[in-house]
> 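For reference, the structure I am asking about is given below.
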Number of protein chains: 2
Amino acid sequence: MGRGKVQLKRIEDKTSRQVTFSKRKGGLMKKARELGVLCDVEVALMIFSDQGRLYEFSSAERLAFLELSHTLPPSSNKKQKVLS
Amino acid sequence: MGRGKVQLKRIEDKTSRQVTFSKRKGGLMKKARELGVLCDVEVALMIFSDQGRLYEFSSAERLAFLELSHTLPPSSNKKQKVLS
DNA sequence: CAGCCTATGTATAAATA
DNA sequence: TTATTTATACATAGGCT
């Protein structure tokens with residue numbers, strides 16, 4: 001989307017990679033949420049970045065264990081950050 | 001997208017709900033894969049439908065446990081189907 | 001660096017086959 | 001009912017602030 005076509009490879013420039021990560025993470029979570037609501041299914045989305053753990057789910061019950069059973073990203077030595 | 005605007009509520013018509021599920025599931029997985037590659041992060045996407053379990057991940061190592069630690073959807077009494 | 005803007009690329013709702 | 005075809009809505013890359 002946007003002005004240029006997307007190449008399916010790691011974005012080398014750190015700044016653009018961070019910007020793209022932020023934009024696409026938001027879009028992906030929105031879509032995951034929509035799929036859950038529109039189609040009445042349970043969806044879990046987990047994204048591990050260098051900063052911490054991010055996740056999304058539309059129906060907590062069956063998926064709540066995900067919060068507890070994962071391992072911490074090795075690069076993270078701080079308390080993990082949990083975002084909606 | 002498409003011809004009509006989207007209402008963020010459960011699609012009541014079973015046929016449209018199934019059609020929408022199929023289309024959006026594909027789109028969501030594609031985007032999840034792209035985010036993982038472009039931004040060099042680990043992504044896991046799990047969708048529980050009535051049919052079975054679907055999942056996606058860009059980096060198997062840390063997330064492989066997801067395959068084993070989840071519980072089966074109660075509505076599924078057949079062997080689960082695993083898709084890429 | 002976090003937002004805002006907007007031209008363009010994509011995803012997809014409906015319609016149709 | 002599933003596959004293909006548009007017309008549109010939506011997401012977002014690159015620029016700019």
Side-chain angles (χ1 to χ4, degrees), chain A residues 1-59 73 75-84, chain B residues 1-59 73 75-84:
Chain A
M1 309 93 180
R3 304 286 173 77
K5 200 157 190 180
V6 119
Q7 308 302 314
L8 195 56
K9 62 185 292 293
R10 177 189 145 103
I11 296 168
E12 294 304 330
D13 179 61
K14 187 177 178 178
T15 301
S16 331
R17 191 169 67 245
Q18 172 56 44
V19 169
T20 292
F21 176 69
S22 178
K23 288 181 176 180
R24 281 179 172 253
K25 177 169 62 59
L28 192 61
M29 287 190 166
K30 181 181 177 187
K31 291 235 173 210
R33 206 173 300 120
E34 290 180 350
L35 180 66
V37 173
L38 293 171
C39 303
D40 197 24
V41 296
E42 295 182 55
V43 179
L45 173 64
M46 304 174 77
I47 303 170
F48 293 83
S49 70
D50 294 333
Q51 311 309 303
R53 178 162 76 74
L54 315 173
Y55 71 94
E56 194 282 330
F57 58 94
S58 64
S59 180
S75 57
S76 169
N77 49 12
K78 312 182 170 185
K79 184 149 68 86
Q80 61 185 305
K81 192 166 154 202
V82 177
L83 304 179
S84 63
Chain B
M1 309 91 181
R3 305 286 175 78
K5 201 159 190 180
V6 104
Q7 308 302 314
L8 194 57
K9 60 184 293 294
R10 178 191 145 102
I11 296 168
E12 293 305 328
D13 179 63
K14 186 177 178 178
T15 301
S16 335
R17 191 170 65 246
Q18 171 55 45
V19 169
T20 292
F21 177 69
S22 177
K23 288 180 175 179
R24 282 180 172 254
K25 175 170 61 59
L28 192 62
M29 286 189 165
K30 180 181 177 186
K31 291 231 170 215
R33 206 171 301 123
E34 290 180 351
L35 180 67
V37 173
L38 293 170
C39 303
D40 196 25
V41 296
E42 296 182 52
V43 180
L45 174 64
M46 304 173 76
I47 303 170
F48 293 84
S49 70
D50 294 335
Q51 311 309 303
R53 178 163 75 75
L54 314 172
Y55 70 95
E56 194 280 329
F57 57 94
S58 63
S59 181
S75 58
S76 170
N77 48 13
K78 313 181 168 184
K79 185 151 65 87
Q80 61 183 305
K81 192 165 155 200
V82 177
L83 304 178
S84 64

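The structure presented is a predicted model; accordingly, all values stated were derived computationally and were not measured. Chain letters run A, B, ... following the sequence lines, proteins first, then strands; residues in each count from 1.
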> Take the protein atom CG of B:Leu35 and the nucleotide atom P of D:dA13, then report the distance between them rounded to whole Å.
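The answer, rounded to whole Å, is 10 Å.
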> Applying a 4.0 Å non-hydrogen cut-off, can you work out what B:Thr20 is touching in the nucleic acid: base, sugar-phosphate, or nothing?
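Result for B:Thr20 = sugar-phosphate.
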> In the structure I gave you, are the side-chain heavy atoms of B:Leu35 and A:Thr20 within less than 4.5 Å of one another anywhere?
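Of all side-chain heavy-atom pairs linking A:Thr20 with B:Leu35, none is under 4.5 Å.
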> Please determine whether any donor N or O and acceptor N or O are separated by less than 3.5 Å between the side chain of A:Arg3 and the base of D:dT12.
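No pair found.
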> Taking any strand in view, what nucleotide pairs with D:dT1 in a Watson-Crick or G-U wobble way, both distances under 3.5 Å?
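Across any shown strand, D:dT1 pairs with none.
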> Looking at C:dG3, does its base get a donor-acceptor pair with the side chain of A:Lys23 below 3.5 Å?
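In this structure, the two groups form no donor-acceptor pair.
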> Measure across B:Leu45 and B:Met29 and return the closest heavy-atom pair with its distance rounded to 0.1 Å.
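That closest heavy-atom pairing would be CD2-CG, 3.7 Å.
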> Within the 4.5 Å heavy-atom criterion, are A:Glu34 and A:Lys30 side-chain neighbours or not?
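Answer yes - side chains close enough.
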> Can you tell which of D:dA13, C:dA13, D:dA11 lies closest to the side chain of A:Lys31?
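When the side chain of A:Lys31 is considered, D:dA11 is the closest of D:dA13, C:dA13, D:dA11.
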> Which residue lies toward the 5' end of DNA chain D, B:Leu38 or B:Met1, if each is placed at its nearest nucleotide?
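Its nearest nucleotide lies further toward 5', so the answer is B:Met1.
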> If you look at every strand shown and take non-hydrogen atoms under 4.0 Å, does A:Ser16 touch a base, only sugar-phosphate, or nothing?
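Touches nothing.
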> Between A:Thr15 and A:Val6, who's closer to the 5' end of DNA chain C by nearest nucleotide?
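In this pair, the answer is A:Thr15.
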> For B:Gly2 and for A:Glu34, locate the closest nucleotide of DNA chain D by heavy-atom distance; then report the residue assigned to the nucleotide nearer the 5' terminus.
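Counting from the 5' end, the first nearest nucleotide belongs to B:Gly2.
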> Using a heavy-atom cut-off of 4.0 Å across all strands, would you classify A:Lys5 as base, sugar-phosphate, or nothing?
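Sugar-phosphate only.
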> Can you tell if the side chain of A:Glu42 reaches within under 4.5 Å of the side chain of B:Met46, non-hydrogen atoms only?
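No, their side chains stay 4.5 Å or more apart.
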